[in-house]
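These notes concern the structure reproduced below.
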2 protein chains.
Amino acid sequence: MTLADTAYDSLRRDIMRGHLPPGQPLRLEALRSRYDMGFSPLREALNRLQSERLVVSASMKGFIVAPLSLPEMWEAIEARVLVETEALRLSILRGDDVWEAGIVAALHALGRAAARGEPEALEARHAEFHLSLIAACGSGWLLDFARKLSAATERYRAPVLAGDTAPRDVQGEHAALAEAALARRADEAPALLAVHYRRTGERIAARMAA
Amino acid sequence: MTLADTAYDSLRRDIMRGHLPPGQPLRLEALRSRYDMGFSPLREALNRLQSERLVVSASMKGFIVAPLSLPEMWEAIEARVLVETEALRLSILRGDDVWEAGIVAALHALGRAAARGEPEALEARHAEFHLSLIAACGSGWLLDFARKLSAATERYRAPVLAGDTAPRDVQGEHAALAEAALARRADEAPALLAVHYRRTGERIAARMAA
DNA sequence: CACAAGAAAATTTTCGAAAATTTATGTTTA
DNA sequence: TAAACATAAATTTTCGAAAATTTTCTTGTG
């Protein structure tokens, strides 16, 4: 792995977890000392992150962490619903034993991570579970879009998840989702997925208003 | 505009037009003399193009122009159908006078370019027409995906378009599409768009087989 | 005092050399 | 001859200084 790849991973994680807050200018000299590398790999990483809308840049004025807003959250969620419902439908049509096993394994790992309560790992297992559902869709483009939208929406989820008290059986939703997918219910599973994402959006919107 | 932006535009155009053929290694020294600039802006451009799947790279082995294949063409076309039919549906629901005027203008310009027969301009007007249809969808993500998929599919269209003799009233299809959109027929217009893209795919597939 | 003009500082962008890595070439050995 | 190994060449990646640009500060002017 090159330094540029490391820079990409580090910056991406720090932005998704909110450690680099929305709107913050990303000064090259500051990044250089923070990540301990030269300009080149950092700039290459920033250019990649720009294509994923995690950072924005203006010509000759450098990069900033992409800002957050409720309208943009809904944009990302609705795009995600469109892409992932179709990818899930395709996966249900095309998925084989390996696909099924991947879902079972990811659901199990997600449950364990949730029980342990470590947010670091939980976040990763959650993304992996949702990816496992659509892994058999057969379209690199859809998987690509899903990955980017997952990162974009995670930025809204992470800060809210911490202080969330209202009761919601998230693991139950995940289990129902997995069951519908494994039972090849090509209409029900995508519908559940859409509800799942939109419900999360409403939860976030409610807390951001307060 | 920075040099990196220029490099991005130049490389993107040369790849889309096939002037840099699929699979060709993109050696930095060669690009440096071709585009007359240093390593940095070129590498930044290549990193952006990688996110758009126009180039692929392996760690420490540099970049190559992304290869073409019939399965990947269909992947791109089907993803494009998914994204643009939804974006068109949304535009029909939300579009205002400016959106309508944009379609009329783009269709007119496309017709003129087609009559003149200059492939350079025709390609640009064609992309602009399809963009104008979905311009009012209100989702930056969908517009972004559409732009990338348009570039990906254009790579297949361009080389075939040259020697295409079989009769097809493309301008008629475009006019029908514009009319259905302007008449706010939210079911018919997306259906026409899907047929339009898939028909192009079949045309290309037929010629690539031969 | 508000505002423009100019200088200084901070920052981004670009360059080409140096370091790291891969690929090609040649040599030895079984 | 074929495989293993060393060596050389080619290439990518990274670095830090130099150039270009923007931002901030200072000064002068109406």
Side-chain angles (χ1 to χ4, degrees), chain A residues 1-16 18-68 144 147, chain B residues 1-16 18-68 140 144 147 155:
Chain A
M1 203 168 72
T2 66
L3 264 185
D5 293 328
T6 306
Y8 172 80
D9 289 342
S10 305
L11 276 164
R12 188 171 189 271
R13 190 168 44 242
D14 284 345
I15 291 171
M16 280 173 61
H19 205 287
L20 291 170
Q24 173 157 111
L26 296 167
R27 300 266 156 64
L28 270 300
E29 195 52 61
L31 297 180
R32 208 166 88 92
S33 59
R34 181 189 239 262
Y35 298 110
D36 189 35
M37 54 180 72
F39 295 124
S40 313
L42 286 166
R43 284 187 63 85
E44 289 183 19
L46 289 168
N47 274 288
R48 274 147 79 173
L49 291 166
Q50 192 184 5
S51 308
E52 311 190 10
R53 306 179 119 220
L54 290 179
V55 314
V56 299
S57 80
S59 206
M60 290 284 166
K61 293 186 184 172
F63 301 85
I64 67 171
V65 179
L68 298 183
D144 216 60
R147 183 179 166 281
Chain B
M1 204 169 69
T2 65
L3 263 184
D5 294 327
T6 307
Y8 171 81
D9 288 343
S10 305
L11 276 163
R12 188 171 189 271
R13 190 167 45 242
D14 284 345
I15 291 170
M16 280 173 61
H19 205 286
L20 291 170
Q24 172 158 111
L26 296 167
R27 300 266 156 62
L28 270 300
E29 195 52 62
L31 297 180
R32 209 165 88 91
S33 59
R34 182 190 238 261
Y35 298 111
D36 189 36
M37 54 181 73
F39 294 123
S40 312
L42 287 167
R43 285 187 62 86
E44 290 183 18
L46 289 168
N47 274 286
R48 274 148 79 173
L49 292 166
Q50 190 183 7
S51 308
E52 309 190 10
R53 304 179 119 219
L54 289 178
V55 315
V56 298
S57 79
S59 206
M60 291 282 167
K61 293 186 184 173
F63 301 84
I64 68 171
V65 179
L68 298 184
D144 215 60
R147 184 180 166 278
R155 297 184 67 205

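To find a chain, count down the sequence lines: A is the first, B the second, and so on, and within it residues start at 1. Every value quoted in this text rests on a predicted model; they were computed, and no experiment measured them.
Residue Leu26(A) is in sugar-phosphate contact alone, with no base atom involved, counting any heavy-atom pair closer than 4.0 Å across all strands shown. Backbone-only contact: Thr2(A) has heavy atoms under 4.0 Å from sugar-phosphate atoms and none from a base.
Taking a heavy-atom distance under 4.0 Å as the criterion, the stretch of DNA chain D touched by chain B extends 5' to 3' from dT11(D) to dT14(D).
Heavy-atom distances to DNA chain D give each of Ser59(A) and Pro41(A) a nearest nucleotide, and the one nearer the 5′ end belongs to Pro41(A). Residues Arg27(B) and Ala4(A) each lie close to DNA chain D; by heavy-atom proximity, the contact nearer the 5' end of the strand is made by Arg27(B).
With hydrogens and angles left out, the side-chain atoms of Thr6(B) and Asp9(B) include no donor and acceptor closer than 3.5 Å.
Side-chain atoms of Asp5(A) do not come within 3.5 Å of backbone N or O of Met1(A) as any donor-acceptor pair.
Applying side-chain hydrogen bond (donor to acceptor under 3.5 Å, both in side chains) to Tyr8(B) and the options Arg48(B), Arg13(B), Glu52(B) leaves one that passes, Glu52(B).
Looking only at side-chain heavy atoms (C-beta outward), Met37(B) and Leu42(B) come within less than 4.5 Å of each other.
Here the shortest heavy-atom pairing between Ser51(B) and Ser51(A) reads CB-CB, 3.5 Å.
A search for side chain to side chain contact (heavy atoms under 4.5 Å, CB included) contacts involving Asp14(B) returns His19(B), Leu20(B), Arg34(B), Tyr35(B), not counting sequence neighbours.
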